[in-house]
Amino acid sequence: MLRLIDETLGKWLRHLFFIIVRAYFALFYNVGCSGKHLLQDTQGALLLATHVSRLDGPLIAAILYTTQRIRPVVHYHEYHNWLQWFPMFVARAIPVSSPKKWTPERRQARKEQSMGRIMAVLDKGESILLFPGGHAKRQAREVIAPHLSGAYDILQAKPDRPVLLVRIEGLSKFQPVRHDYFWSFIGIQKGRRHVSVDIRMVEDLDLSLDLAAFNADLEARFNTPIPSVF
């Protein structure tokens with residue numbers, strides 16, 4: 001039943017949300033994206049993205065909507081927030097993690113259930129969007145804590161999956177701000193904010209590293225400056 005709803009009503013609602021989100025970004029942000037074509041012929045990929053603001057997920061989903069179905073991985077509390085639950089449900093987001101008050105056994109069972117869903121999605125040829133840092137960064141650099149194992153666990157289980165790094169520049173309060181003059185026709189000189197999205201295939205992640213070293217390597221890649229598309 002859930003699949004039927006997803007392929008009928010869900011499809012129409014996703015398209016409606018796509019129009020609304022794209023209209024919002026078109027009005028207030030001047031977004032340039034490089035590497036979008038890499039997803040055109042890539043199925044069941046793992047997209048690892050920097051987390052610079054709360055707008056990252058909607059931005060990436062809107063950019064890639066017409067290219068491929070992307071299933072975001074979100075924190076348990078984000079998914080079950082009543083303000084966000086419905087769009088998360090329509091996007092078929094996959095909630096991971098669990099409340100700390102749960103028993104260790106229940107939390108482990110939840111983790112195994114979430115990983116099972118992610119593996120099934122990848123096997124179906126749909127792509128997964130994951131923010132390895134876990135939350136929007138609170139400093140200038142992207143930080144991936146040594147214990148965060150989402151990307152590492154998925155790639156250990158599916159080492160043959162294509163991996164793409166998605167880096168966002170210009171959306172965080174810690175990043176340089178530039179504007180165009182989109183609103184100058186009504187006398188407002190400060191127009192849309194420039195945002196660059198860089199998508200690149202990565203084929204040299206070393207899965208023989210331990211978790212902490214793997215996260216450090218991924219963190220360094222995320223913090224490498226991206227060329228501006230403007």
Side-chain angles (χ1 to χ4, degrees), residues 2-3 5-26 29 31-76 78-79 84-97 114-136 150-151 153-155 157-158 160-169 171 195-202 205 218 222 226:
L2 185 60
R3 178 175 296 180
I5 295 173
D6 179 61
E7 294 177 352
T8 53
L9 179 61
K11 183 180 293 186
W12 284 96
L13 287 173
R14 281 193 296 276
H15 197 69
L16 175 62
F17 286 168
F18 161 74
I19 293 172
I20 294 172
V21 173
R22 283 297 289 263
Y24 169 79
F25 280 108
Y29 297 89
V31 181
C33 179
S34 63
K36 180 179 176 180
H37 66 282
L38 295 173
L39 266 181
Q40 201 74 41
D41 300 312
T42 303
Q43 300 296 316
L46 178 62
L47 282 69
L48 304 178
T50 54
H51 206 351
V52 301
S53 79
R54 294 181 65 86
L55 293 176
D56 299 342
L59 173 64
I60 295 171
I63 288 175
L64 300 178
Y65 177 81
T66 56
T67 304
Q68 189 183 134
R69 176 79 180 273
I70 304 297
R71 299 279 298 273
V73 173
V74 299
H75 194 276
Y76 176 90
E78 289 182 319
Y79 186 88
Q84 301 179 142
W85 177 84
F86 186 65
M88 294 276 192
F89 175 77
V90 171
R92 296 295 304 279
I94 302 173
V96 296
S97 72
S114 299
M115 284 294 295
R117 290 185 63 188
I118 291 171
M119 298 301 108
V121 166
L122 292 173
D123 288 341
K124 285 169 52 181
E126 295 179 349
S127 294
I128 291 290
L129 171 63
L130 177 71
F131 298 101
H135 55 72
D153 289 342
I154 294 171
L155 289 174
K158 297 284 184 181
D160 60 328
R161 292 293 83 200
V163 179
L164 291 92
L165 295 188
V166 183
R167 292 179 294 169
I168 303 172
E169 182 72 38
L171 200 57
V195 177
S196 298
V197 180
D198 182 79
I199 302 175
R200 302 197 178 196
M201 190 78 71
V202 56
L205 288 174
L218 193 56
F222 276 156
I226 67 175

| said: Within the 4.5 Å heavy-atom criterion, are Q43 and K124 side-chain neighbours or not? | reply: no
| said: If you define the side chain from C-beta out and look only at heavy atoms, does anything of V166 sit under 4.5 Å from D56? | reply: no
| query | Going by heavy atoms in the side chains, are S97 and E78 under 4.5 Å from each other? | reply | no
| Residues D198, R200: salt bridge by 4.0 Å N-O rule | yes
| field | Flag side-chain contact, heavy atom, 4.5 Å: D123 against K158 | value | yes
| request: Take the angle between the ring planes of H15 and Y65 and call it parallel below 30°, perpendicular above 60°, tilted in between. | output: tilted
| said: Using modelled atom types and a 3.5 Å cut-off, is there a donor and acceptor pairing between side-chain atoms of R22 and backbone atoms of A62? | reply: yes
| field | Stepwise side-chain contact (heavy atoms from CB on, under 4.5 Å) check, L46 with I118 | value | CA-CA 10 Å; L46 178 62; I118 291 171; over 6 Å; no
| Nearest atoms (heavy-atom pairs only) where G44 meets P162 | O-CD, 3.7 Å
| Side chain to side chain, Y79 and F89, heavy atoms closer than 4.5 Å | yes
| said: Can you confirm whether L164 sits close enough to L48 that some side-chain heavy atom of one is under 4.5 Å from a side-chain heavy atom of the other? | reply: no
| query | More than 12 non-hydrogen atoms from neighbouring residues, nucleotides or ligands closer than 6.0 Å to CG on D41, yes or no? | reply | no
| request: Say whether, by atom type as modelled, one donor and one acceptor occur between the side chain of R14 and the main chain of V90 under 3.5 angstrom. | output: yes
| query | Passes side-chain contact (heavy atoms from CB on, under 4.5 Å), M119 versus I154? Steps please. | reply | CA-CA 8 Å; M119 298 301 108; I154 294 171; 3.9 Å; yes
| message | Quick one, L165 and L47 - any side-chain contact, counting heavy atoms below 4.5 Å? | response | no
| query | Does the pair Y29 and L59 meet the rule for a side-chain contact (heavy atoms from CB on, under 4.5 Å), with working shown? | reply | CA-CA 10 Å; Y29 297 89; L59 173 64; over 6 Å; no
| message | For T42, is there any backbone N or O sitting under 3.5 Å from a side-chain donor or acceptor partner on Q68? | response | yes
| Partners of R71 by salt bridge (charged side-chain N to carboxylate O under 4.0 Å, His left out), sequence neighbours excluded? | E126
| field | Side-chain heavy atoms of I199 within contact of L64, under 4.5 Å | value | yes
